[in-house]
Each structure stands twice: as structure tokens, then as C-alpha cells.
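The analysis underlying the following values was restricted to heavy atoms, covering all of them including side chains, and did not include hydrogens, waters or symmetry mates. In what follows, chains carry the letters A, B, and so on, assigned in the order in which the sequence lines appear, proteins first and then strands, with residues in each chain numbered from 1.
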2 protein chains.
Amino acid sequence: MATIYEVSALAGVSLATVSRVMNGNANVRESTKQKVLEAMATLDYRPSSVAQSLASNCTNSVGLLVSELHGPFYGTMMASIESELRRAGKHCIITAGHSEEKSEKAGIEFLLSRNCDALILHVEKLSDEYLLALKEKDISFVLINRQIDAIAEQCVTLDNHLGGYQMGQAILEAGHQKIAYLAGPSWKDDAKERFAGFKQALEEKGVELDPALIFEGNFQEASGYKGARELLLSGHEFTALCCANDEMAAGAMNAIRDNGLDIPNDVSVVGFDNVSFTQYLFPRLTTIDYPVGDMGQMAARLILKNTYKTTTSTIQTLFKPHLVKRQSLQPQE
Amino acid sequence: MATIYEVSALAGVSLATVSRVMNGNANVRESTKQKVLEAMATLDYRPSSVAQSLASNCTNSVGLLVSELHGPFYGTMMASIESELRRAGKHCIITAGHSEEKSEKAGIEFLLSRNCDALILHVEKLSDEYLLALKEKDISFVLINRQIDAIAEQCVTLDNHLGGYQMGQAILEAGHQKIAYLAGPSWKDDAKERFAGFKQALEEKGVELDPALIFEGNFQEASGYKGARELLLSGHEFTALCCANDEMAAGAMNAIRDNGLDIPNDVSVVGFDNVSFTQYLFPRLTTIDYPVGDMGQMAARLILKNTYKTTTSTIQTLFKPHLVKRQSLQPQE
DNA sequence: AACATAAATGAAAGCGCTTACATTTCATTA
DNA sequence: TAATGAAATGTAAGCGCTTTCATTTATGTT
């Protein structure tokens with residue numbers, strides 16, 4: 001591998017000049033620039049990003065922590081972040097937090113040990129204090145799907161309350177009255193807010209939500225199956241089942257059918273997130289769209305703007321969900 | 001940020017000694033080791049991975065190129081690779097090739113520009129020549145889901161022919177005779193082999209595959225929908241539809257139902273890959289399992305063994321698929 | 001006690017760049 | 001034409017580590 005020394009020797013200029021043309025520095029005469037470029041080409045020179053990083057104190061890498069690398073939600077998120085960063089010449093180091101506090105901490109430590117210039121974090125179990133402490137240490141980061149008021153400007157979030165409200169509205173407009181709700185874990189803010197928004201929509205229309213028709217799941221398919229099954233077997237009737245996310249909705253749909261009922265004729269189902277597989281479900285799932293791609297892109301732009309100062313694009317931190325009407329929700333006569 | 005200098009000063013030893021304890025080098029007296037450790041702790045010292053990389057000529061990073069960061073197949077692949085590498089203290093830089101030659105080349109260039117120690121490549125459009133040229137340049141890499149005989153030892157592949165064969169066998173055992181096949185793009189080796197294996201299974205049992213019942217898709221859901229629809233409208237009857245991957249199967253299922261037919265009573269459907277959403281489909285999809293997690297792990301181990309020499313685990317490069325029986329395939333009376 | 005040997009430590013060069021500062025070159029202007 | 005300032009280039013000091021080689025210290029042997 002050729003180094004900058006060889007290039008400088010071949011071009012007959014100093015190291016500094018080679019460095020200048022590499023970095024597009026203005027003050028280089030066109031003719032010498034050409035000499036250097038030529039030398040680089042004949043030597044098939046590639047700068048050592050490591051040496052550049054050491055000298056410039058910038059690695060051009062941003063660490064990305066997500067709960068899992070698989071799963072449609074994280075997939076879309078990673079894809080949008082990576083492509084936005086890559087376009088700016090940055091790379092990302094991705095690792096998983098597995099929805100556990102220790103593991104999330106270890107993930108951040110790991111990324112930090114890699115000298116990332118900034119982090120994009122989707123954490124679930126880490127405390128606000130820990131995150132605020134990161135801020136104190138002058139670590140540049142943005143939080144995705146997590147709201148901490150003290151650092152609101154670096155939190156990219158969805159209006160989950162609105163999403164829940166939209167879900168409630170949709171179900172009421174379809175004429176349902178006997179409604180069941182498959183909630184997410186109550187220790188998660190997003191799950192709480194979705195539920196709160198949902199309840200508000202019902203209250204505004206004076207519709208009661210029977211406590212016996214509420215089941216708290218964990219956002220996974222299996223808990224959706226279990227929840228729907230228990231709700232069905234409990235004997236309390238319902239014509240619509242609202243799920244706090246699509247995975248649980250998928251599980252619930254299987255449970256409903258395994259119990260001999262038809263979707264949506266016997267029971268309508270609504271999900272939340274609008275992950276890719278919702279279109280593969282039968283019937284295609286009516287759900288609330290979570291614009292995770294846009295949000296990932298925005299998280300990346302925040303970094304680009306704050307850490308790298310390479311963009312001046314306008315920043316938006318709060319995103320709005322919207323209803324996606326498909327076939328799993330049917331009007332009730 | 002404290003540097004090694006400060007640690008060495010505080011501990012009253014030389015740089016070299018600090019470096020030795022950092023790297024677990026044997027020849028350090030226990031007492032001095034403790035002094036150093038203590039100094040590190042009080043200074044909250046973290047070594048600069050960049051400086052380490054420059055000095056040691058090893059970045060501890062492996063580049064990972066996949067077609068897309070989203071999608072259940074790549075998700076599982078990335079997850080297994082990342083976790084195996086992370087366990088060994090390596091990080092991965094992930095980027096997308098988008099199934100286009102130019103983009104795949106650019107992705108590799110990008111990873112190389114980041115000075116990765118090695119690459120794990122899932123490429124679709126890149127030529128064998130290009131890949132062999134990489135080898136010539138002494139770039140250490142492993143190919144996943146791609147067989148090039150000249151470098152077989154660095155190719156982690158699935159026996160797609162066997163998978164196709166298993167699919168054929170399964171459908172025949174269920175008593176189907178009128179069989180349709182939704183193929184993958186014929187320029188892809190894996191698609192070709194799946195089809196070849198499939199045909200072989202039928203031939204061995206003397207079952208004809210009507211050319212009118214073959215549709216070539218592109219492995220995407222939409223083409224599955226389109227293919228199934230055309231097959232259905234063509235008027236040629238079939239009782240089973242075999243799909244070269246699960247995405248197309250999902251699309252096909254929707255098409256079949258949109259045409260008023262029942263799955264599996266009117267037509268059975270079989271997929272290939274066993275990606276996560278196959279369990280969410282209705283009926284749950286019978287499919288051929290592609291052990292992509294194991295294969296990703298093995299790809300990572302290959303790197304660990306060949307590039308980093310940190311493992312001696314035994315290597316396997318050819319993996320076998322197997323049938324996963326679920327509800328979308330029904331015996332034909 | 002003197003020596004040989006092994007273990008522990010230190011000195012210093014080098015990894016391949018960037019960049020502050022110094023110097024040279026060139027174009028203007030009085 | 002000399003003085004002046006701006007533009008172009010060079011010099012050299014880092015950036016924070018690893019590692020070779022030399023040196024010192026400890027251990028064991030006769």
C-alpha cells in the first residue's frame with residue numbers, strides 16, 4: 001500500500017501539499033494539483049483512514065445501537081440511517097442492546113471504545129440519568145423513540161399519543177363499541193402513550209373500555225397470541241381488537257383464527273407501526289404508520305448537523321403517525 | 001481524555017509497560033501491573049482505538065456488505081454475524097449493495113476505504129472475476145450465499161439444489177400432481193439451483209412439470225402476487241404452488257385469496273427460506289429452512305480464524321436446508 | 001560469591017496522516 | 001523597480017499507541 005510519502009516523492013511536492021489536495025484545500029495551484037493527482041493514480045494510492053483519524057481526531061464513524069439487528073422495525077431504521085450517513089461519507093458501526101440494561105450499557109461502551117464521533121441510540125431499559133450523564137461527558141448522541149425533556153433537541157420521537165388516538169378514532173368511526181386492547185409493556189413510555197391516546201379517543205366519544213378486555217403483552221408475537229386467546233376465552237365479547245404493535249397483532253390474528261373466528265367478520269384487528277410484513281398478513285392489516293424511515297434519516301441529519309456541521313437542513317424532532325386503512329378493520333353494522 | 005502518557009507517568013512506569021498490561025502481555029510483574037491498572041482507573045483511561053490501529057496495523061473491524069439492511073433475511077444474517085464478531089471484540093461496518101453491480105462495487109470500495117481487516121460479502125451482481133481480483137489483491141474476505149470454486153474455502157453456501165429437491169419431495173408426498181412453480185430470477189445461481197433440485201425431485205417420481213405453470217419472478221412480494229395471479233388466470237389448473245422464496249409466497253397467497261380461492265384447500269403453497277414472518281402468515285407457511293443465522297455465524301468464524309487467528313473452531317462451508325412443515329401445504333386426496 | 005540465564009522494564013523509532021507556522025513565489029501597486 | 005500583500009508551498013511537530021532492541025533486575029546454579 002502506497003503512503004502519502006511515496007505520493008509526495010513521486011509528485012515532487014511536500015506532504016502538506018499532498019494532504020491539501022486530498023482534503024480539497026483551496027490554496028493549491030492547479031498544475032501542482034494535477035501532478036499530485038497523477039501520482040496518486042499511478043501509485044493507486046488510498047489514504048489510510050486510520051492515520052487520518054488519528055491526526056484529525058475524527059473517525060467519521062457513528063455508532064448505532066438498536067435493540068436487535070433483525071426485525072422489520074429496526075431494519076428500516078438502520079437502512080435509512082446508514083444510507084443518509086453513507087451519503088455524507090460517514091460509516092456506521094451497528095450493535096445490539098437486546099432490550100436489557102446491562103447489554104445496552106455494554107453496547108454503548110463498545111461503541112465508545114471504537115471512538116465513534118457520535119451515537120444514535122434506540123435504548124429501552126437505560127435510565128434517563130445514564131443518558132444525561134452521557135451528555136455531561138460531552139458525548140454527542142441522538143435518541144430515537146425516547147423523549148427526555150432536558151435534551152429534547154436531540155430526541156427524535158413519534159407522537160405515540162396521537163397514534164393511539166388515531167387508532168381509537170378509526171375503530172369508533174367503524175362503529176365498534178365492544179373493543180379489546182392488547183397493550184404493550186406498561187413500563188415503556190411509548191406503550192403507555194399509545195394506550196393513553198387510545199383511551200382518550202374512546203372517552204371523548206363516551207365509549208367505555210372494559211378492564212376485562214385489556215391485556216398487557218410485551219410487544220412480541222407470542223404475547224399477542226396469548227393475549228388474544230385469553231381475551232377470547234374470558235367470555236367477554238368484543239368486535240374489535242386493537243394492538244399496540246404489529247407483532248402482537250400478527251399473533252392475535254393467529255389466535256383468533258385458531259379459535260374458529262373470522263377476521264374481520266367476527267373481529268376486526270388493528271395494529272401499530274406498519275412494519276413491512278403487515279401487507280403479507282391476511283387480511284392485510286389496518287395499522288398506524290410509524291415513519292421510522294424518516295425518523296432514522298432525521299436522526300442521521302441531526303448528527304450531520306451537530307457533530308459534523310456538514311448540513312444545514314432543517315430539523316424536526318417530533319413525527320406524526322397516521323392511519324393506514326387496509327382490510328383487517330371492518331365497519332360494524 | 002487521558003492518554004497512555006498520563007497513565008505511564010502516574011504509575012511511574014514506561015509507555016511500553018502500560019502497553020504491555022493493556023495487551024495482557026505476560027511479562028509484567030504483578031505488582032507493577034496493579035500500579036498501572038490503578039492509574040488507569042483513577043484517570044478513567046480508555047485506549048484510543050485509532051492509535052492502536054495505526055500502530056498495530058489492525059483495525060479490528062470487518063466490513064459487511066448485504067443487499068439491504070432491512071428485510072428478514074438480511075436481518076438475521078447481520079444479527080448473527082455481528083454478535084459473533086462482537087463477542088471476539090471486533091466491530092462491523094455494515095453497508096448496502098442494493099443488488100446492483102455499481103452499488104456493490106461502491107460498497108466494497110467504501111468498506112475498503114475504511115480499512116477493514118476483512119470483508120463479509122453478500123453480493124448478487126458482482127462478477128466472479130471481480131471477486132477473484134479482490135483475492136489477488138490480498139484482501140481477506142468471505143462470500144456468503146455465493147459459490148466460486150476457485151475460492152471454495154471462503155464461500156459459505158447453502159445446498160440450494162437439495163432445498164429445491166426437498167420442496168419437490170414434500171409436495172409429492174402430499175399427493176400433489178398438478179404443480180405450479182414460482183421461480184426466482186434465472187440469472188441467480190441460487191434460484192437456478194432451487195429450481196433444478198425441484199425438477200429433479202419431480203422427474204424422479206415421473207411427474208411432469210407443465211411449462212405453462214412456471215412463472216419467473218424476482219424474489220419480491222409483488223412478483224409473487226403477479227405470478228400467482230397470472231398462473232391462476234391462465235386457466236391451467238394446479239393444486240400446489242411452490243415458490244422459490246417466502247416473499248413471493250406471501251404475495252402469491254394474497255393473489256390466490258384475492259381470486260376467491262382458499263389456502264390450502266384449493267391450493268397449497270410452499271415457500272423457501274423460512275424467514276420470520278412465515279409464522280405470521282395465514283395459514284402458517286410450510287417452507288424450506290435456510291439456516292442463515294448459522295451461516296452468518298460461520299462466516300464470522302471464518303474471518304476470526306483466517307484473519308485474526310483467534311479461533312480454531314472447525315469450519316463448515318456447505319449448509320443443508322430442511323423442510324419446515326406448517327399449514328399451507330395440505331395432502332391432496 | 002560469582003556467574004549464567006531468564007524475567008521485567010525502558011528508550012526510542014515508527015505507524016501515516018494533519019496542521020500551525022515559516023518560507024518562498026507571484027502578482028500588484030506606487 | 002522596489003515594496004507590498006496574498007497565494008502557494010514546505011518544515012516539522014504532533015496525534016496515541018506498538019514493538020524492537022537494549023538494559024536492568026531477579027532467580028537459580030555451581
Side-chain angles (χ1 to χ4, degrees), chain A residues 1-40 43-61 89 91 112-117 308-310, chain B residues 1-40 43-61 89 91 112-117 308-310:
Chain A
M1 205 68 251
T3 72
I4 195 174
Y5 292 96
E6 284 134 63
V7 175
S8 100
L10 182 57
V13 300
S14 72
L15 289 192
T17 300
V18 177
S19 176
R20 286 186 186 105
V21 348
M22 265 200 278
N23 297 293
N25 191 306
N27 294 334
V28 179
R29 198 185 305 153
E30 185 58 30
S31 59
T32 67
K33 184 174 168 184
Q34 289 310 323
K35 274 193 304 187
V36 172
L37 256 18
E38 214 168 282
M40 287 178 168
L43 290 173
D44 193 24
Y45 170 74
R46 303 164 170 281
S48 155
S49 64
V50 175
Q52 287 178 319
S53 296
L54 183 61
S56 67
N57 194 32
C58 166
T59 58
N60 287 307
S61 77
H91 68 262
L112 256 19
S113 81
R114 257 48 191 180
N115 292 92
C116 294
D117 297 327
Y308 295 113
K309 328 276 186 201
T310 64
Chain B
M1 204 68 250
T3 71
I4 195 174
Y5 292 97
E6 284 134 63
V7 175
S8 100
L10 182 58
V13 299
S14 71
L15 290 192
T17 300
V18 177
S19 175
R20 285 186 186 104
V21 348
M22 264 199 277
N23 298 293
N25 191 305
N27 294 334
V28 179
R29 200 186 303 153
E30 186 58 30
S31 59
T32 69
K33 183 174 167 182
Q34 289 309 324
K35 275 192 304 185
V36 172
L37 256 17
E38 215 167 281
M40 286 179 169
L43 290 173
D44 192 25
Y45 170 75
R46 301 163 172 283
S48 155
S49 64
V50 175
Q52 287 178 318
S53 296
L54 184 60
S56 66
N57 194 31
C58 167
T59 58
N60 287 307
S61 77
H91 68 262
L112 254 21
S113 81
R114 259 46 193 180
N115 293 92
C116 295
D117 296 327
Y308 295 113
K309 328 276 184 199
T310 64

Undergrad: Once you round it to whole Å, what is the distance between P of dC15(C) and CE of M1(A)?
TA: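 Result: 15 Å.
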Undergrad: Report the nucleotide, chosen from dC17(D), dT9(C), dT9(D), that has the shortest atom-to-atom distance to any side-chain atom of R20(A).
TA: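 The answer is dT9(D), which lies nearest to the side chain.
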Undergrad: Using whole Å, report how far CG of N23(A) lies from P of dT19(C).
TA: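 Roughly 7 Å, once rounded to whole Å.
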Undergrad: Would you compute the distance between atom OG1 of T3(A) and atom CD of E6(A) and round it to the nearest 0.5 angstrom?
TA: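 Going from the OG1 atom of T3(A) to the CD atom of E6(A) covers 4.0 Å.
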Undergrad: Indicate whether OP1 or OP2 belonging to dT11(D) is found under 4.0 Å from a side-chain N or O atom of S14(A).
TA: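 S14(A) to dT11(D) OP1/OP2: no side-chain N or O under 4.0 Å.
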Undergrad: In chain order, what residues pass the side-chain hydrogen bond (donor to acceptor under 3.5 Å, both in side chains) check against E38(B), with sequence neighbours excluded?
TA: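 Not a single residue meets the side-chain hydrogen bond (donor to acceptor under 3.5 Å, both in side chains) criterion with E38(B).
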Undergrad: Using whole Å, what does the distance between atom P of nucleotide dT18(C) and atom CG of L54(B) come to?
TA: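 It is 12 Å, rounded to the nearest whole Å.
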Undergrad: For N57(A) and dA20(C), give me the distance from atom CG to atom P, rounded to whole Å.
TA: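 Computing the N57(A):CG to dA20(C):P distance gives 13 Å.
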Undergrad: Starting from the first five and the last five pairs of the helix from dA1(C)-dT30(D) to dA30(C)-dT1(D), work out the angle between the resulting helix axes, to 10 degrees.
TA: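 For the helix from dA1(C)-dT30(D) to dA30(C)-dT1(D), the axes at either end differ by 40°.
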Undergrad: Looking only at side-chain N and O atoms, does S19(A) come under 4.0 Å of OP1 or OP2 in dC17(C)?
TA: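 Answer is no, no contact under 4.0 Å.
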Undergrad: List the residues meeting side-chain hydrogen bond (donor to acceptor under 3.5 Å, both in side chains) with N23(A), not counting sequence neighbours, and say none if there are none.
TA: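 Applying side-chain hydrogen bond (donor to acceptor under 3.5 Å, both in side chains) to N23(A) gives S19(A).
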Undergrad: What nucleotide, of dC17(C), dT18(D), dT9(C), holds the atom closest to the side chain of A55(B)?
TA: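 In terms of side-chain proximity for A55(B), the closest of dC17(C), dT18(D), dT9(C) is dT18(D).
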Undergrad: Send over the distance from L15(A) CG to dT18(C) P, rounded to a whole Å.
TA: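 From L15(A) CG to dT18(C) P: 10 Å.
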Undergrad: Does the side chain of T59(B) come within less than 4.5 Å of R114(B)'s, by heavy atoms?
TA: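 The answer is no, as the side chains (C-beta and beyond) never meet within the 4.5 Å cut-off.
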Undergrad: Contact between M22(B) and I4(B) at the side-chain level, heavy atoms closer than 4.5 Å - yes or no?
TA: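 Counting from C-beta outward, M22(B) and I4(B) do come under 4.5 Å.
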Undergrad: Just how far, in rounded Å, is P of dG16(D) from CE of M40(B)?
TA: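 Taking CE of M40(B) and P of dG16(D), I get 15 Å after rounding.
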Undergrad: From CZ of R46(B) over to C1' of dC17(D), roughly how many Å is that when rounded to an integer?
TA: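 Whole-Å distance recorded here is 17 Å.
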Undergrad: For residues 45-53 of chain B, tabulate all N or O donor-acceptor pairs below 3.5 Å that involve a side-chain atom, not counting sequence neighbours.
TA:
{"residue": "R46(B)", "atom": "NH1", "partner": "E109(A)", "partner atom": "OE1", "Å": "3.4"}
{"residue": "R46(B)", "atom": "NH2", "partner": "E109(A)", "partner atom": "OE1", "Å": "3.0"}
{"residue": "S48(B)", "atom": "OG", "partner": "V50(B)", "partner atom": "N", "Å": "3.4"}
{"residue": "S48(B)", "atom": "OG", "partner": "A51(B)", "partner atom": "N", "Å": "3.0"}
{"residue": "S49(B)", "atom": "OG", "partner": "S113(A)", "partner atom": "O", "Å": "3.4"}
{"residue": "S49(B)", "atom": "OG", "partner": "N115(A)", "partner atom": "OD1", "Å": "2.6"}
{"residue": "S53(B)", "atom": "OG", "partner": "S49(B)", "partner atom": "O", "Å": "2.8"}
{"residue": "S53(B)", "atom": "OG", "partner": "C58(B)", "partner atom": "O", "Å": "3.3"}

Undergrad: Looking at Q52(A), I'd like to know whether one of its side-chain N or O atoms comes within less than 4.0 Å of OP1 or OP2 on dT18(C).
TA: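 Yes, Q52(A) has a side-chain N/O under 4.0 Å of OP1/OP2 on dT18(C).
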Undergrad: side-chain contact (heavy atoms from CB on, under 4.5 Å) with V36(A): which of V21(A), L10(A), V28(A)?
TA: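 Exactly one pass, corresponding to V21(A).
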Undergrad: May I ask you to list the residues of residues 27-35 of chain A, by number, that have any heavy atom positioned under 4.0 Å from an atom of DNA chain D?
TA: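 The answer is N27(A), V28(A), R29(A), T32(A).
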Undergrad: At a heavy-atom distance below 4.0 Å, what parts of residues 3-13 of chain A sit against DNA chain C?
TA: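 By residue number: T3(A), I4(A), Y5(A).
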